[in-house]
Amino acid sequence: MADAAEIQGSSASPARRRLRRAGALLAGAPLLAGLLQLTAAEPAQAAPADSVSVALDSLTPSAPTEDDTLTVSGSVINNGRQSVTGAHVGLRVGPLLNTRSAIDGIAQHPDDLRGGAGDELGGKYTQKFSKLIPGVAEHFSISVPVDELNLGKDGVYSFGVSVSGKTSARPWDQMLGIERTFLPWQSSEADTKSRTTFMWPLISAVHMTARTGAGERQTPVFQDDELAKEIVPGGRLAQMMDLGRDLDVTWVIDPDLLAAVDAMANGYRVQQPDGTSKAGSRENQDVAKQWLAGLQKAVADKEVVALPFADPDLASLAHTGTSVTGSLSHLKDATDVAALTVKTVLHVTPTTDFAWPVDGAVDPSIIKVATSAGADRVIARSDSLQEAAGLPYTPSAARPIGGGTTAVVADAPMSTAFEGDLTKADTSTLAVQQFLAQSLEANVQKDEQRSFVVAPQRTPTASQAQAMATAVKALQDGNWSQPETLTGAANAKPDPDATTRIPSTSAYPSSLRKQELPRSAFEQIADTQDKLDNFQVILTDQSRVVTPFGRAINRGMSTSWRGQAAKADGFRTDVLSYLDNLGGQVKLIDKSETKLSGRSATIPVTVQNNLVQPVGHLYLRLSSTQPTRLKIAGKAYDEQPVEVSGGHSQSVKFTTSANANGRATVLAQLYTEDGQEYGDPVSFDVKVTEVTPTVMLVIGGGVLLLVLAGFRMYTQRKRAAARQAEEEGPDGAETDSGDESGNPDNAGDRLPEESGSPAGAAGPDQPGDPAPDTAPESIDPSGTGERVDR
């Protein structure tokens with residue numbers, strides 16, 4: 001929208017009232033004309049009360065040729081308080097612009113009335129309005145044959161749409177508003193056409209977490225369902241795919257996006273605020289399948305450049321990450337997996353030797369990091385790698401910068417033409433015309449073919465993508481440029497006069513540096529990697545853990561986190577927390593105090609595995625903190641290998657020996673095969689109640705006395721029974737009558753009655769008892785101290 005500058009003074013100003021009265025008294029036209037010229041020279045911002053805004057919604061064709069008819073449409077709106085009468089909208093062709101900086105100047109102030117607007121075509125190529133009411137938009141559409149524009153030599157012309165009229169305060173015809181843009185004019189095929197590479201980025205934010213389902217399929221868990229909104233028909237990525245299929249562009253793709261959509265297509269879950277997750281919708285799965293199928297067709301026979309997985313922030317790595325050990329290895333991992341991901345999902349073999357720092361801003365440390373993973377072509381931008389020799393033309397993109405590395409320098413004015421809010425038709429139209437103007441002006445600078453690269457913002461909005469597509473289509477249909485792949489631009493013959501000097505680290509833009517990942521982010525990533533290394537060695541199927549966590553580590557250093565420090569930290573913290581949780585599923589069960597009686601005993605220690613897969617390559621070490629009191633397998637500690645099936649527990653038994661009574665603390669700790677501690681230790685006390693030799697002797701003597709006493713009592717009873725039988729003789733012998741049934745066969749089933757008589761009392765002889773084999777002993781009652789407990 002173009003806010004017109006005030007031409008006349010405010011009616012409230014005394015000086016201006018005097019001017020108007022003088023103008024009414026003076027009949028001399030020259031003086032009146034001079035007055036108008038004076039007031040027209042006042043600053044545009046002096047009094048916007050009577051300004052009229054002009055919106056240029058459409059200009060077709062964007063780059064007309066001789067036989068075309070140019071159609072311009074849009075709207076005007078009166079921003080003042082007074083109605084504008086006798087208004088009309090007209091077209092103005094300004095002067096030929098000879099420099100790219102002149103194009104930039106107009107693009108920065110398209111509504112400035114003080115600029116060179118050019119003469120109005122007038123006549124039938126205007127649209128009239130009897131009245132422009134304040135606040136009410138009026139639409140216009142004007143068509144004019146191109147030959148009526150009186151264009152001269154090929155090049156870029158300033159082109160404006162103006163509105164003129166009268167107000168009650170200023171009752172003369174005057175220009176109240178204007179919208180200026182550009183008219184690229186290449187009447188026929190250029191003798192020398194530039195080659196233009198347009199990078200078409202398919203990049204999104206991080207969506208997948210490290211979490212997966214416990215089943216064999218390991219259903220991935222997403223942070224949210226925002227990706228579905230981008231790939232649904234009409235969504236940002238859906239439009240990028242649809243628009244790009246008909247354009248000669250180089251697809252620049254983050255493999256993490258492909259992995260996420262592919263995971264969604266095969267079934268996914270979405271994390272909930274309470275920590276649980278729910279199944280993603282079947283509709284979103286179908287949308288993901290459709291998007292992938294469409295993309296496979298769109299990129300067929302096109303150049304595809306794969307960025308490292310998750311598009312790692314190269315500048316953050318260079319400026320803060322390299323001070324943390326192991327950070328660069330993640331870039332290598334992300335590069336290695338990129339080609340495989342793209343080939344698996346899209347069935348094309350991508351190019352992986354390009355690195356793309358944020359906004360193409362480079363310094364020596366960024367170049368070093370960018371090429372450390374194998375990329376030998378770095379996409380820079382001309383506002384970073386600036387020409388120092390004052391070249392009067394734009395050189396080709398390729399610049400050899402040493403060490404076998406090529407800087408592919410994207411053109412900054414063309415690359416930044418589609419930034420900002422392009423949701424309105426007029427801003428989108430201006431962006432397209434500005435891009436085309438810069439492209440044509442660069443081509444006419446020198447009668448020698450050159451290669452230009454356009455590297456737009458990483459994640460264009462849907463409206464920005466639409467404007468980009470319109471511009472690329474117009475460029476392809478134009479007469480001064482031809483498409484080229486990014487590889488072709490990198491391989492083109494470099495201009496020997498173009499700069500190859502990489503700017504210093506201090507020249508890196510502070511605005512970009514403020515958005516970089518802090519050192520703490522890389523320290524957190526290193527901690528995660530250390531724990532992952534320790535965890536994976538115990539697994540029988542490492543891929544179930546290494547793959548999701550390895551990719552999550554890549555996502556933790558993604559360029560998409562710029563400007564979202566808190567969210568990025570939350571993501572990395574969640575990855576580390578979930579890894580700790582998984583590692584904690586293999587642990588030692590706590591033990592209470594154990595009592596140890598005797599010289600030796602076996603102590604069991606239980607290892608629990610709550611993972612779905614078996615674990616092994618572990619050793620359980622049991623250590624005594626007081627080996628003089630308690631030894632483990634005859635020494636201070638002992639260890640045994642451990643293998644536990646998924647979802648099971650395993651008890652490991654250790655032989656212990658005691659040397660003294662009392663308490664001894666025992667420590668159980670799991671170790672990996674390489675000697676690294678695994679998990680938390682378990683400590684418990686062992687209470688030793690060892691029996692000494694003296695006590696054993698006393699106990700043994702007591703047992704012997706019991707045996708001897710029993711034997712003595714038995715022999716005494718036998719002898720007493722024998723004497724009684726001799727005294728009574730055969731006729732008076734008392735015989736046992738057997739059981740109540742009178743069956744004498746049962747006579748030997750019972751022992752003599754134990755009524756409390758003294759040992760040696762008379763009793764019947766037991767049939768079958770052997771004759772005494774020793775001489776009779778005293779049958780006197782047992783003396784004191786000879787009591788036998790039965």
Under 4.0 Å between a side-chain nitrogen and a carboxylate oxygen: does that hold for [X] and [Y]?
X: Asp104; Y: Arg100; value: no
X: Asp311; Y: Arg458; value: yes
X: Lys424; Y: Asp421; value: no
X: Arg92; Y: Glu120; value: yes
X: Arg562; Y: Asp313; value: yes
X: Asp173; Y: Lys166; value: no
X: Arg450; Y: Asp411; value: no
X: Glu448; Y: Lys493; value: no

For Thr351 and Asp353, work out which heavy atoms get closest and say how close. CG2-OD1, 2.7 Å

Considering all heavy atoms of both residues, which atom of Asp246 and which atom of Gln476 are nearest to each other, and what is their separation? O-NE2, 4.3 Å

Going from [atom1] on [X] to [atom2] on [Y], what distance comes out if it is rounded to the nearest 0.5 angstrom?
X: Asn479; Y: Asp154; atom1: CG; atom2: CG; answer: 8.5 Å
X: Leu56; Y: Asp426; atom1: CG; atom2: CG; answer: 7.5 Å
X: Leu91; Y: Ser162; atom1: CG; atom2: OG; answer: 8.0 Å
X: Trp251; Y: Trp200; atom1: CH2; atom2: CH2; answer: 7.5 Å
X: Arg195; Y: Asn443; atom1: CZ; atom2: CG; answer: 12.0 Å

Before giving the answer on side chain to side chain donor-acceptor pair (under 3.5 Å), spell out for Ser481 and Thr196 the whole-Å C-alpha distance, their side-chain angles and the decisive distance to 0.1 Å. CA-CA 7 Å; Ser481 178; Thr196 304; 2.7 Å; yes

If we ignore hydrogens and angles and just use 3.5 Å, is the side chain of [X] paired with the main-chain N or O of [Y] as donor and acceptor?
X: Asp477; Y: Ala474; answer: no
X: Gln127; Y: Ser141; answer: yes
X: Arg236; Y: Pro460; answer: yes
X: Ser558; Y: Trp561; answer: no
X: Thr429; Y: Asp57; answer: yes
X: Gln433; Y: Ser62; answer: yes
X: Ser396; Y: Asp495; answer: no
X: Ser415; Y: Pro456; answer: no
X: Glu441; Y: Gly155; answer: no
X: Gln239; Y: Gln466; answer: no

Judged by modelled atom types alone, do [X] and [Y] share a side-chain donor-acceptor pair under 3.5 Å?
X: Gln464; Y: Glu419; value: no
X: Ser75; Y: Glu138; value: no
X: Ser194; Y: Trp480; value: no

With Trp356 as reference, evaluate Val305, Leu314, Ile203 under the side-chain contact (heavy atoms from CB on, under 4.5 Å) test and give the passing residue. Ile203

Could you walk me through whether Val163 and Met175 pass the side chain to side chain contact (heavy atoms under 4.5 Å, CB included) test, one step at a time? CA-CA 6 Å; Val163 57; Met175 186 166 62; over 6 Å; no

Is there side-chain contact between Ile379 and Phe354, with at least one heavy-atom pair below 4.5 Å? yes

ring-ring contact (aromatic ring centres under 6.0 Å, His included) against Phe140, all qualifying residues, sequence neighbours excluded: none

More than 12 heavy atoms of other groups within 6.0 Å of [X] [atom1]:
X: Arg513; atom1: CZ; result: yes
X: Asp147; atom1: CG; result: yes
X: Asp191; atom1: CG; result: no
X: Lys302; atom1: NZ; result: yes

Taking it one step at a time, do Thr192 and Gln449 satisfy side chain to side chain donor-acceptor pair (under 3.5 Å)? CA-CA 6 Å; Thr192 303; Gln449 190 173 61; over 6 Å; no

Could you walk me through whether Asn491 and Arg377 pass the side chain to side chain contact (heavy atoms under 4.5 Å, CB included) test, one step at a time? CA-CA 10 Å; Asn491 291 335; Arg377 297 164 178 178; 2.7 Å; yes

Output, in order, the C-alpha distance, side-chain angles, deciding distance and verdict of ring-ring contact (aromatic ring centres under 6.0 Å, His included) for Phe182 and Phe159. CA-CA 5 Å; Phe182 313 100; Phe159 183 80; over 10 Å; no

Determine, step by step, whether Arg399 and Glu387 satisfy the salt bridge (charged side-chain N to carboxylate O under 4.0 Å, His left out) criterion, reporting the C-alpha distance in whole Å, the side-chain angles of both residues, the deciding distance to 0.1 Å, and the verdict. CA-CA 11 Å; Arg399 317 283 174 83; Glu387 295 302 322; 2.8 Å; yes

Full working for side chain to side chain contact (heavy atoms under 4.5 Å, CB included) between Ile142 and Val161: CA-CA 10 Å; Ile142 303 173; Val161 178; 5.8 Å; no

Taking the inter-plane angle between the rings of Phe418 and Phe435 on a 0 to 90° scale, is it parallel (under 30°), tilted (30 to 60°) or perpendicular (over 60°)? tilted

Can Ser143 and Thr71 be said to form a side chain to side chain donor-acceptor pair (under 3.5 Å), step by step? CA-CA 4 Å; Ser143 296; Thr71 299; 3.0 Å; yes

How far apart are the C-alpha atoms of Thr394 and Gln445, what are their side-chain angles, what is the distance that settles it, and do they pass the side chain to side chain donor-acceptor pair (under 3.5 Å) test? CA-CA 8 Å; Thr394 303; Gln445 287 175 338; 3.2 Å; yes

Please report the C-alpha distance between Ser164 and Gln174 in whole Å, then the side-chain angles of each, then the deciding distance to 0.1 Å, and finally whether the side chain to side chain contact (heavy atoms under 4.5 Å, CB included) criterion is met. CA-CA 5 Å; Ser164 301; Gln174 60 212 292; over 6 Å; no

